[in-house]
Amino acid sequence: MSNKVILTVDDEEHILELIGYNLIGAGYQVEKADTGEEALEILNQKQVDLVILDWMLPGIDGIEVLQKIRNHDSHKNLPVILLTAKGDEISKVVGLEIGADDYIAKPFGVHELLARVKALLRRVEREDLPAQDKDELLLFKNIAINRQKRVVTVNNEPIELSYKEFELLYLLIKNRGIVFSRDSLLEKVWGYDYIGETRTVDVHIRNLRKKIEEDDTKPILIKTVRGVGYKFAEK
């Protein structure tokens, strides 16, 4: 039995049962909530490693729950998969910009959900590597990244990054000048083959630019390579 605890939040009982049954079958421990309020209460009382969160909930909805998670010091880096019937691109962008690590539209395939859970947890587990297995500090101009502490500063001021934003920025700066395709970034940062989901990368790049560029409308650090993807400036 895995010691990883997954919190599933959905107001449809059959969805909770379906997800819970398959997660338990895959070796995870499961907590269930059918409201946003109950989910936040569980998060404040128990150790949770990942949240599968429905958007449309009675009372406070999934987006508000996600905002509260991201604004809470103890939970702000908690991996969250947003699960919802809203499958349009605008809704995906909103969910990712609010801070979701992943997005799955209903109806969904159980095997795909389990694969994304596994991929997210695998990325988080990298934090448990011994310090000597990590690069302690990356510096570029006015940007400093402490890999071990997961702290990024710009002009000596700390900035708030989501888990995926941090991983994306670290990868780009560590490989300055190397062009990464969107598919390559998805595979390296998200650890999963998101066919047709390259918009996810664009959203995270846009968010990073807002946080590290002097003028995010005229980026000089994270450069777009037309028709290919992105690279970080060499000089």
Side-chain angles (χ1 to χ4, degrees), residues 4-12 15-16 19 30-106 108 113 116-117 119-121 123-124 127 149-154 157-170 189-190 192 194 197 199-213 216:
K4 298 297 183 184
V5 179
I6 313 296
L7 171 59
T8 61
V9 190
D10 201 299
D11 62 332
E12 297 182 69
I15 296 291
L16 282 180
I19 296 175
V30 176
E31 294 286 339
K32 300 177 183 178
D34 56 14
T35 67
E37 291 86 349
E38 184 182 2
L40 292 172
E41 186 176 340
I42 290 173
L43 287 174
N44 288 329
Q45 293 178 352
K46 299 181 179 181
Q47 175 65 40
V48 172
D49 298 289
L50 182 145
V51 180
I52 300 174
L53 177 64
D54 185 33
W55 183 318
M56 304 297 289
L57 294 169
I60 61 174
D61 64 16
I63 291 297
E64 187 173 349
V65 173
L66 180 56
Q67 289 174 320
K68 289 180 181 298
I69 289 173
R70 291 295 173 246
N71 291 329
H72 194 290
D73 287 341
S74 299
H75 306 144
K76 62 184 179 182
N77 292 320
L78 184 64
V80 177
I81 297 176
L82 200 59
L83 183 66
T84 175
K86 291 177 175 286
D88 59 278
E89 183 175 337
I90 293 177
S91 296
K92 289 184 179 182
V93 171
V94 170
L96 292 169
E97 288 186 332
I98 293 296
D101 295 281
D102 201 352
Y103 189 112
I104 301 180
K106 296 178 181 178
F108 59 90
L113 177 62
R116 296 197 183 196
V117 166
L120 260 180
L121 289 174
R123 292 295 172 179
V124 173
E127 292 189 39
K149 295 181 179 178
R150 299 191 68 82
V151 172
V152 177
T153 61
V154 176
E157 293 292 330
I159 61 172
E160 291 290 333
L161 296 180
S162 71
Y163 185 86
K164 286 297 184 291
E165 288 169 357
F166 183 96
E167 293 294 315
L168 186 56
L169 180 62
Y170 180 84
V189 175
W190 279 259
Y192 184 82
Y194 285 38
E197 291 292 342
R199 178 66 171 163
T200 299
V201 173
D202 296 333
V203 170
H204 283 74
I205 290 289
R206 185 165 72 242
N207 287 344
L208 278 176
R209 283 172 169 165
K210 290 177 181 178
K211 295 174 181 180
I212 69 171
E213 300 274 6
D216 63 280

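This structure is a prediction, so every number in the text was calculated from the model and none was measured.
Separation of atoms CG (Asp202) and OG1 (Thr200) is listed at 8.5 Å; rounding is to 0.5 Å. Atoms CG and CZ, from Asn77 and Arg150 in turn, are 6.5 Å apart once rounded to the nearest 0.5 Å. Taking CD of Gln45 as the start and CG of Leu40 as the end, the distance is 11.0 Å to the nearest 0.5 Å. Atom-to-atom distance recorded for Ser162:OG and Leu208:CG is 7.5 Å, nearest 0.5 angstrom. Here the straight-line distance linking atom CZ of Arg206 with atom CG of Asp216 works out to 9.5 Å at 0.5 Å rounding. Rounding to the nearest 0.5 angstrom, the gap separating the CG atom in Leu53 from the CG atom in Asp10 is 9.0 Å.
For the residue pair Leu57 and Gly62, the shortest heavy atom distance occurs at CD1-N, 4.0 Å. The minimum heavy-atom distance linking Pro58 with Thr35 is given by the pair CG-CG2, 4.2 Å. When all heavy atoms of Val154 and Lys211 are compared, the pair lying nearest together is CG2-O, 4.2 Å. Smallest separation of non-hydrogen atoms from Phe166 and Val151: CE1-N, 3.9 Å.
Taking Arg209 as the reference, nothing meets the salt bridge (charged side-chain N to carboxylate O under 4.0 Å, His left out) condition, with sequence neighbours excluded. Judged as a salt bridge (charged side-chain N to carboxylate O under 4.0 Å, His left out), and not counting sequence neighbours, Lys210 has no contacts. Applying the side-chain contact (heavy atoms from CB on, under 4.5 Å) test to Glu64 and every residue at least two apart in sequence or in another chain returns Ile60, Asp61, Gln67, Lys68. Qualifying side-chain contact (heavy atoms from CB on, under 4.5 Å) partners for Asn207, counting only residues two or more places apart in sequence or in other chains: Glu97, Glu165, Val203. Judged as a side-chain contact (heavy atoms from CB on, under 4.5 Å), and not counting sequence neighbours, the contacts of Ala33 are Leu7, Val9, Glu38, Ala39, Ile42.
A heavy-atom distance below 4.5 Å is found between the side chains of Ile6 and Leu121. At a threshold of 4.5 Å between non-hydrogen side-chain atoms, the residues Val51 and His75 do not count as touching. Contact check for Leu82 versus Ile52: no side-chain heavy atoms found under the 4.5 Å cut-off. You'll find the side chain of Val5 stays beyond 4.5 Å of the side chain of Leu50, heavy atoms only. The shortest side-chain heavy-atom distance between Asp34 and Glu12 does not fall under the 4.5 Å cut-off. Side-chain atoms of Tyr103 and Ile81, non-hydrogen and from C-beta on, never get closer than 4.5 Å to each other. Contact annotation: the side chain of Thr153 never approaches that of Ile159 to less than 4.5 Å [non-hydrogen atoms, C-beta and beyond].
Ion pairing between a basic and an acidic side chain is recognised when a charged N comes within 4.0 Å of a carboxylate O; Glu160 and Lys76 show such pairing.
For the pair Arg70 (side chain) and Leu78 (backbone), a donor-acceptor distance under 3.5 Å is present.
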Between Asn44 and His72, does a side chain to side chain contact (heavy atoms under 4.5 Å, CB included) hold up when you go through it step by step?
CA-CA 10 Å; Asn44 288 329; His72 194 290; 3.8 Å; yes
If you apply the rule side chain to side chain contact (heavy atoms under 4.5 Å, CB included), what do you find for Ile19 with Leu83, and how did you get there?
CA-CA 11 Å; Ile19 296 175; Leu83 183 66; 3.6 Å; yes
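Annotation: salt bridge (Lys or Arg N to Asp or Glu O under 4.0 Å) contacts involving residues 45-56, sequence neighbours excluded, comprise Glu31-Lys46, Asp54-Lys106.
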